[in-house]
Structure formats: structure tokens, C-alpha cells
S.K.: 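Starting off with a structure, shown below.
Chain letters run A, B, ... following the sequence lines, proteins first and then strands; every chain starts at 1.
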Number of protein chains: 2
Amino acid sequence: MPTDAKAPARARAADELKQAALEQFASVGFAATSLQHIADHAGYSKSSVLYHYASKEALLESAIEPAVSQFEEVLEDYLAGRDPVRRRRLVDRVIDLMLVHREAVHVFLIQGPSLAELPIIARADAAVRRLAAAICDERESVEDQVRFGVALGGAAFLLTAGRTFADDRAQPSDDELRAALHTVLPELLAPPAATRTADAE
Amino acid sequence: MPTDAKAPARARAADELKQAALEQFASVGFAATSLQHIADHAGYSKSSVLYHYASKEALLESAIEPAVSQFEEVLEDYLAGRDPVRRRRLVDRVIDLMLVHREAVHVFLIQGPSLAELPIIARADAAVRRLAAAICDERESVEDQVRFGVALGGAAFLLTAGRTFADDRAQPSDDELRAALHTVLPELLAPPAATRTADAE
DNA sequence: CGCTACCTTGACCGATCGGTCAGATCCTGC
DNA sequence: GCAGGATCTGACCGATCGGTCAAGGTAGCG
């Protein structure tokens, strides 16, 4: 009888499995992660995984759905009334969401194309596309699209795969990463003319 | 020596298989790509794949080794004598290499962390780390590391996974992408103070 | 013609995949 | 204490995985 585990035994096991699955999906990929690995990593049997989740795909959906929903919320909030101030706030909130949900972001952004048949991935893809349209706005020059793609993919890479390439020296803390991203990404995305005004803050 | 049509039956089959494998590895991931898929996609049998390549991993190595070697070459050339002009040229050449070898880049950069045990991936990782050190130079602020990570990962994302998120409108041509990347990345990587001088060209 | 070397393939192997199912165990309300 | 649902697990299933192997086809060459 664990103390803090007053928590409904049901939800606890499900959460542990979900967390273990998310970590594995993000670090080695959905296809390369077996139910057995997830079970071992969480301290349960493979059968238990399939007791709590109907299938491997259902487990993926449970793991990343909250992240997708929050991205959709933030996006809807911006689309409700778009203006430069809200646009900047959109960028800031997306950065924060990516930090919190980095594993989920890795799954639906980086691994997305190979999982396109899953409904939850399709939902995430649609949201990303709307985000792209929102950020690039009416300007549809190739350069603007490239700026958006680099910013989005670059942040996703940095927060997951990219960490591997800097492990010899100390890892920057999340706070340091957040601060740097809040500086670099708006600078990258801002219409060149607006850079200085945005700086003035 | 036959002309290219006459082409050595041996080398032709091997090349076709290598190309098919590279496309699959980049689009759905190494782990999710089976030898059967590769064989089907290239019009051979699974046994033929294993006749030309000793194993799935040997096939991966053959497919991405040329790209890794070229990155190493470009990097060595810069390290031989580093100065701002060479640094800018390094960035330009890396961008061009990423365009030509986008599938290989996706494999060892994006999928790299989950394939770290393979020698060819370890080689690529080491090269990327040296590249990071070269670009960030002695400046080791978190912000500079973030700039590098975003630029590298962003370009890799844009050239592979990212294409999925823009398929409804026409895809930019490679020339357009190259031009945009040559504008955006140096601007992102340049020491803020040097931005204007770099602009002056 | 046969000989040889190369290329290709289907049959096959053990391991592991995602998933099913019947039971063992545990917890709870009466 | 006991009944009954919730939780957990091992045994098992068909499919597919990476990889082996020996036989068959096909050219060049005497």
C-alpha cells in the first residue's frame, strides 16, 4: 500500500505505462518500440499493457492526445482574432508547449509522416498545417515557409534528438533552453522589418 | 567498361537496392523498414537483397557512408585553417550537402540516437559533434548552442519530414529551397553583432 | 557440348511481433 | 468470511522479422 499511491491503483498503472511508452516512442521510435519493451520498462507484463490499452496504437493516442489538444487550444485562441501582439504570444506559447510535451512533439512532428494513417497523428498534422498557415500568414514566399519549417523542426530536434549531440558537456537546463528559444525563434520568424520593434519589448 | 546502360549487371542491382533502401529508411525509418519492403520496392526478392548486402545494417552503411564521408571532408577542410570567410563557406557547403544527401541526413541526424550502436552512425555522430564545436567555436553560450541545433535540425526537418506539412500547395523546387536556406541559416547562425557585416556581403 | 562463375530465388529457421484468452490474485463491500 | 469485480499474468496464436541455404537460371568460354 504505497502512501501517495492512495491514487486509484487503476489510474496509476495506466499512467506509468503511458509514461514509459511515451519515453520509448520518443527515444527509439514508435515502430521500433515493442509492447514487451514498454512493459519491461514500466515493470509490468505485456498482457497488462493490453489490459489497460486496447492496442499499441490506442496507447500512442492516449500518450500524445493531451499535447495535441493543447496545441489546438493555443492555435484556436490565436485564430479567434489575429494581430501582431497575439502572433508573438502564439509563438511564445507554442515554445512553452514544446518544452513541456517534447516527447509527444517528437512523435507527431518528426515521426509523423510514417504514422499518418493513425487518426491522432492526422489530427496533429492538421493542427501543424493550420499553425503554419497562421504563422506564415498571407505571406507565402518560399523564404517564409522555410523560416517556419526551420523554427518548428529545429526546436523539435533540439529538444529530443539534438540532446544526444551535446552530452559530453553539461546539458543546458530547461530554463536556459526556454530562454534561448524565446530569443532565437521570434527573431527567426519575425518579418525582417519587424525584428527591431520586437526587440524593443 | 560498358556505358551506363550496358552497366554491369552486378553494380546496377546493388545500386537499385541501395537507392530503394535509402528512400525507405528516410521515409518510414530504419526500424520500420523490412528487407521485404525494400526488395518489393526495388523489384527483387528478399534473398537478393541479402546476396548483395550481408545484412540490413550493412545495407544501411553502404547507403549513407558516401554522405558521411563528404561531410567529414568539408569539415576537415574548414578545420585546416579556420577564419570567418572559411566559416561562412563551411555553412554554405553543409547546406548544399544536406540538399543532395537529404535522405542520409534524415537517417543519421534524426534517427541517429536510436541507431547509435551502428559504427557508421557513430562516425556520423562524431562528425556532427565536431561540426557543432566548429560552428559554435569558442563561444559556448547556451544561446549559440541553441542556434546551431535549430539550424541543423531545422534544415534536416524541412528537407524530409517537413515536406509532408506543405503538400497541399505546390512544393518549392530544390533551387528555391537552397536559396532560402542560404539566406536564413547564416542569418540564424551569425554572431548577432556580425549580422550586418555578413549582410553587406 | 559441358564447365564455371555469377546472379536470383523459394523454402525454411528461430525469434519476436501485436494481440487473445483463461485463469490466478488482489481488493472491496456486504 | 465470502462473493464478485478489478487487476495482473503466462500460455498461446498467426504473422512477420532478419537471415541461411541449396537449387535453378544464365551468360561466357573451352
S.K.: Taking atom P of C:dG10 as reference, at what distance in whole Å does atom OH of B:Tyr51 sit?
M.R.: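 Spelled out: OH on B:Tyr51 to P on C:dG10 is 17 Å.
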S.K.: For a quick test of reading the model: is some side-chain N or O of A:His52 closer than 4.0 Å to OP1 or OP2 of D:dC8?
M.R.: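 For D:dC8, OP1/OP2 do have a side-chain N/O of A:His52 under 4.0 Å.
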S.K.: Identify, with sequence neighbours excluded, every residue that meets side chain to side chain contact (heavy atoms under 4.5 Å, CB included) alongside B:Gln19.
M.R.: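 Partners of B:Gln19 by the side chain to side chain contact (heavy atoms under 4.5 Å, CB included) criterion, ordered by chain and then number, come out as B:Glu23.
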S.K.: Please identify each residue that fulfils ring-ring contact (aromatic ring centres under 6.0 Å, His included) with B:Phe25, with sequence neighbours left out.
M.R.: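 So B:Phe25 forms a ring-ring contact (aromatic ring centres under 6.0 Å, His included) with B:Phe30.
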S.K.: Only counting residues at least two apart or in another chain, list the ones meeting side chain to side chain contact (heavy atoms under 4.5 Å, CB included) with B:Asp77.
M.R.: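 Only B:Arg86, B:Arg89, B:Arg93 meet the side chain to side chain contact (heavy atoms under 4.5 Å, CB included) criterion with B:Asp77.
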S.K.: Nearest whole angstrom, please: distance from the P of D:dT7 to the CD of A:Glu16.
M.R.: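 Interatomic distance, CD of A:Glu16 to P of D:dT7: 14 Å.
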S.K.: Using distance only, find each side-chain donor-acceptor pair of residues 118-126 of chain B under 3.5 Å and give its atom names and separation, not counting sequence neighbours.
M.R.:
{"from": "B:Arg123", "atom 1": "NE", "to": "B:Glu72", "atom 2": "OE2", "distance (Å)": "3.1"}
{"from": "B:Arg123", "atom 1": "NH1", "to": "B:Glu65", "atom 2": "OE2", "distance (Å)": "3.2"}
{"from": "B:Arg123", "atom 1": "NH2", "to": "B:Glu65", "atom 2": "OE2", "distance (Å)": "3.4"}
{"from": "B:Arg123", "atom 1": "NH2", "to": "B:Ser69", "atom 2": "OG", "distance (Å)": "3.2"}
{"from": "B:Arg123", "atom 1": "NH2", "to": "B:Glu72", "atom 2": "OE1", "distance (Å)": "2.8"}

S.K.: Could you give the OH-to-P distance, from B:Tyr53 to C:dT8, as a whole number of Å?
M.R.: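 To the nearest whole Å, that distance equals 11 Å.
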S.K.: Keeping to residues at least two apart or across chains, list the side-chain hydrogen bond (donor to acceptor under 3.5 Å, both in side chains) pairs with something in residues 101-110 of chain B.
M.R.: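 Sorted pair list: B:Gln70-B:His101, B:Arg102-B:Asp174, B:His106-B:Gln111.
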S.K.: Counting N and O atoms only, with roles assigned by atom type, does the side chain of A:Lys46 sit under 3.5 Å from a partner on the main chain of A:Ser34, one being a donor and the other an acceptor?
M.R.: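 No; zero donor-acceptor contacts below 3.5 Å.
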S.K.: Go along nucleotides 14-26 of chain C 5' to 3' and tag each nucleotide: B for a protein heavy atom under 4.0 Å from its base, S when only backbone or sugar atoms are that close, - otherwise.
M.R.: ---SBBB------
S.K.: The helix from C:dC1-D:dG30 to C:dC30-D:dG1: angle between its terminal axes, five pairs each, to 10°?
M.R.: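 For the helix from C:dC1-D:dG30 to C:dC30-D:dG1, the axes at opposite ends meet at about 10°.
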S.K.: Once side chain to side chain contact (heavy atoms under 4.5 Å, CB included) is applied, do any residues pair with B:Ser47, and if so which ones, sequence neighbours excluded?
M.R.: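 With neighbours one apart ignored, the set is B:Ser45.
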S.K.: Can you list the residues that meet the salt bridge (Lys or Arg N to Asp or Glu O under 4.0 Å) rule with A:Glu16, with sequence neighbours excluded?
M.R.: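 Counting only residues at least two positions away or on another chain, A:Glu16 forms a salt bridge (Lys or Arg N to Asp or Glu O under 4.0 Å) with A:Arg12.
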